Each structure stands twice: as C-alpha cells, then as structure tokens.
Number of protein chains: 2
Amino acid sequence: MIFNKSTEYSFKVLSYMCEAKGHKYLSAGDIALAINIPKEFLSKILQKLTHKGFVNSKRGKGGGFKILKTKNEIAIKELIKLFDNENFYSKCLIGLNDDCPECKCSVHNNWENLKTTLLKSNLEDIKENYFFTFK
Amino acid sequence: MIFNKSTEYSFKVLSYMCEAKGHKYLSAGDIALAINIPKEFLSKILQKLTHKGFVNSKRGKGGGFKILKTKNEIAIKELIKLFDNENFYSKCLIGLNDDCPECKCSVHNNWENLKTTLLKSNLEDIKENYFFTFK
DNA sequence: TTAAAATCAGAATAAAAAATCTGTTTTTAT
DNA sequence: ATAAAAACAGATTTTTTATTCTGATTTTAA
C-alpha cells in the first residue's frame with residue numbers, strides 16, 4: 001500500500017524471527033514457507049538484513065539466519081530507509097507535489113502525524129495487537 | 001504515492017479545468033501540455049470523467065472538454081472510487097493485514113484519521129494552499 | 001572425505017502499471 | 001463539400017516492480 005513489497009516483507013520476516021523460540025538458525029526456505037513469501041525474494045531481503053546486522057547468517061548444512069535484535073530494537077525508519085525510499089518522509093502523500101513540507105492541503109496534518117508516529121515506531125509497536133498471521 | 005497515477009492525474013486535470021477561465025472547451029492536447037501529463041493517458045482519464053458527468057465532451061473541430069462542476073462539488077472519494085481502488089478505505093496502510101479495521105498497530109489511528117479527512121475532502125480542500133504548479 | 005544443505009550473487013523472466021500508437025468516428029470551420 | 005481538428009476505442013509497447021532461475025561457493029553432518 002504505502003511501502004513496496006520488500007519493506008512489507010522485512011516487517012514480516014523480522015517479526016516472525018523475533019517470535020520464533022530458541023534463537024536457532026532458520027533456513028530461508030523454512031521461513032519463506034512459514035510466512036508465505038517467495039523463497040528467492042526472501043533470500044535477498046535476508047541478505048540485506050545480514051549486511052546491516054539485523055540477522056546473522058550461517059552457511060552450509062544446518063545453516064540459516066538468526067535474529068540478532070529484539071522487536072523494540074528494530075526501528076521502522078531503518079527498514080524504510082533500507083528497503084523503500086531514502087527520502088520517504090519528504091514525499092507527498094497525494095503524489096502531486098514535490099515540496100510536501102510547504103504543502104497545506106487537507107490531509108497534510110494527518111500525513112505529518114502519521115510520519116511522526118512512523119519515525120518513533122519500532123517493530124514491537126507495529127506488531128503489537130496487529131493481527132497478521134504470517135500467512 | 002498512496003494513489004495510482006490515474007487518480008493523481010484526475011486531481012490535477014480537474015483542478016486545472018476548474019481554474020481555467022471562460023469555461024470554454026479545452027482540447028485534451030492543450031490540457032496535457034499545460035499540466036504535463038501524457039496526452040493519450042489524459043484522454044482516457046477525461047473519457048471516464050465524461051461518462052461520470054464531471055466534464056462534458058464535444059467532438060470535432062473546436063471541440064474538447066468543459067468542466068461541469070466547481071471544486072467544492074468534486075468529492076475526493078468519488079475520484080478514488082473511479083480511478084483507484086473500490087475498497088481503498090479498508091486497505092491496510094502497512095500492507096500486511098487484510099483486516100485493517102481490526103488492527104491496532106501504532107499507525108492505525110493516524111491512518112483512520114487520514115481516511116476520515118479524505119472522506120470529507122473535496123477538490124477545493126486538496127488544492128487550497130496546495131502548491132502544485134501543474135508542471 | 002564427501003554429499004547435502006545452505007547462503008550468495010547476478011541474470012533472466014513475469015506481472016503490473018504507465019504510456020504510446022494506430023486507426024476510426026464525429027463535428028465544424030472554411 | 002471538404003479538410004482539419006478533435007474525441008473515442010482498442011491494441012501495443014515501454015517501464016517499473018516483483019519474482020524466479022542458474023550456478024557458484026561455503027559449511028558441516030554423516
């Protein structure tokens with residue numbers, strides 16, 4: 001809706017990994033199956049998350065990915081920056097105006113408020129009471 | 001950003017036509033040039049707007065399109081319904097959840113407020129102090 | 001040591017969205 | 001009448017985004 005698929009998927013996979021018990025290595029294939037995301041696409045997302053230190057990867061048999069953070073250590077703005085658009089926050093919701101900060105249209109304040117919330121949110125805030133089923 | 005291009009363009013073209021003096025017939029080509037939208041794409045949008053009674057079309061030499069409403073008679077929700085998604089308002093902003101009304105994530109209230117504003121907005125509200133230049 | 005299981009990387013493909021093209025019909029100014 | 005200008009309709013192409021494929025490398029359990 002407001003984010004691209006990669007960003008959406010990153011929320012989903014990190015939530016899932018945070019909630020998985022045992023903190024063992026989970027293979028991309030298993031995760032993909034569990035949360036219903038194309039395996040290959042998920043692999044790319046996990047690679048990026050590895051490089052940025054959200055997860056640890058282990059190659060070879062028995063390998064996979066292990067989460068390195070808790071939900072409240074994962075800032076939504078970091079994921080947006082990583083997977084969506086660098087200048088997400090200066091974009092116009094309506095899409096017509098390049099100079100959103102100067103705009104005073106009827107939804108401007110609502111949009112500013114939403115962005116403020118988003119800037120303060122971590123994965124816990126997003127996932128808390130958020131009924132997504134991973135399927 | 002939040003809408004598809006057709007919806008964005010419909011805001012733009014209707015705003016432009018409302019502000020054009022004289023209420024004469026304007027050709028799609030001239031409008032397209034003025035507001036920087038691909039001519040053929042704009043033509044399709046204008047056709048839809050014709051069928052729904054927002055504008056009147058006149059074929060033949062000297063023909064074109066004439067606006068039939070004022071900005072405050074044009075509800076944003078009508079344009080969203082026409083060009084974007086029928087069930088726009090029940091969609092999840094984050095994109096993961098099918099059942100947005102039940103969701104309680106951190107941006108839920110912000111999103112609900114924004115949609116409420118959008119439901120009440122007409123083109124005047126959107127365009128008012130909204131610095132888009134048609135270019 | 002070896003085969004299996006996994007990451008990793010880049011290329012190729014598919015799907016969706018946006019834009020363009022081609023041609024027909026209609027209307028009207030000349 | 002006729003030519004020009006315009007809407008109109010549908011097909012096609014391009015662009016962007018999402019997904020899948022291919023193969024190489026790494027690691028480890030057996």
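Chain letters run A, B, ... following the sequence lines, proteins first and then strands; every chain starts at 1. Bear in mind the structure is a predicted one, so any value in this text is a computation, not a measurement.
- Taking atom CG of residue A/Leu42 and atom P of nucleotide C/dA6, one finds them 14 Å apart after rounding to whole Å.
- Electrostatic pairing of A/Glu78 and A/Lys52 does not count as a salt bridge here, judged by no charged N lying under 4.0 Å from a carboxylate O.
- In this structure, a donor-acceptor pair under 3.5 Å is present between the side chains of A/Ser121 and B/Ser106.
- Taking atom NZ of A/Lys5 as the reference point, atom P of C/dA17 lies 10 Å away to the nearest angstrom.
- Whole-Å rounding puts the A/Lys52 NZ to C/dC8 P distance at 15 Å.
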Nucleic acid footprint by protein, nucleotides 6-16 of chain D - heavy-atom cut-off 4.0 Å, B for base, S for sugar-phosphate alone: BSBSBB-----
Got a list of side-chain donor-acceptor pairs under 3.5 Å for residues 57-68 of chain B, not counting sequence neighbours?
none

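- Rounded to whole Å, atom C1' of C/dA18 lies 18 Å from atom CZ of B/Phe3.
- Atom C1' of nucleotide D/dT20 and atom OH of A/Tyr9 are separated by 13 Å, given to the nearest angstrom.
- Using a 4.0 Å cut-off, no side-chain N or O of B/Tyr25 falls inside it from OP1 or OP2 of C/dT28.
- Between the side chains of B/Asn113 and B/Thr116, no donor N or O sits under 3.5 Å from an acceptor N or O.
- Between A/Leu33 atom CG and C/dA5 atom C1' the separation is 16 Å, expressed in whole Å.
- Checked against salt bridge (Lys or Arg N to Asp or Glu O under 4.0 Å), B/Lys69 has no partners two or more places apart in sequence or in another chain.
- Distance CZ (A/Phe41) to P (C/dC8): 17 Å, rounded to an integer number of Å.
- The distance between atom CG of A/Asn56 and atom C1' of C/dA6, rounded to the nearest whole Å, is 14 Å.
- Pairing partner, C/dT30: D/dA1, with both Watson-Crick or wobble hydrogen-bond distances short of 3.5 Å.
- Aromatic pair B/Phe11/B/Phe3: centroids less than 6.0 angstrom apart.
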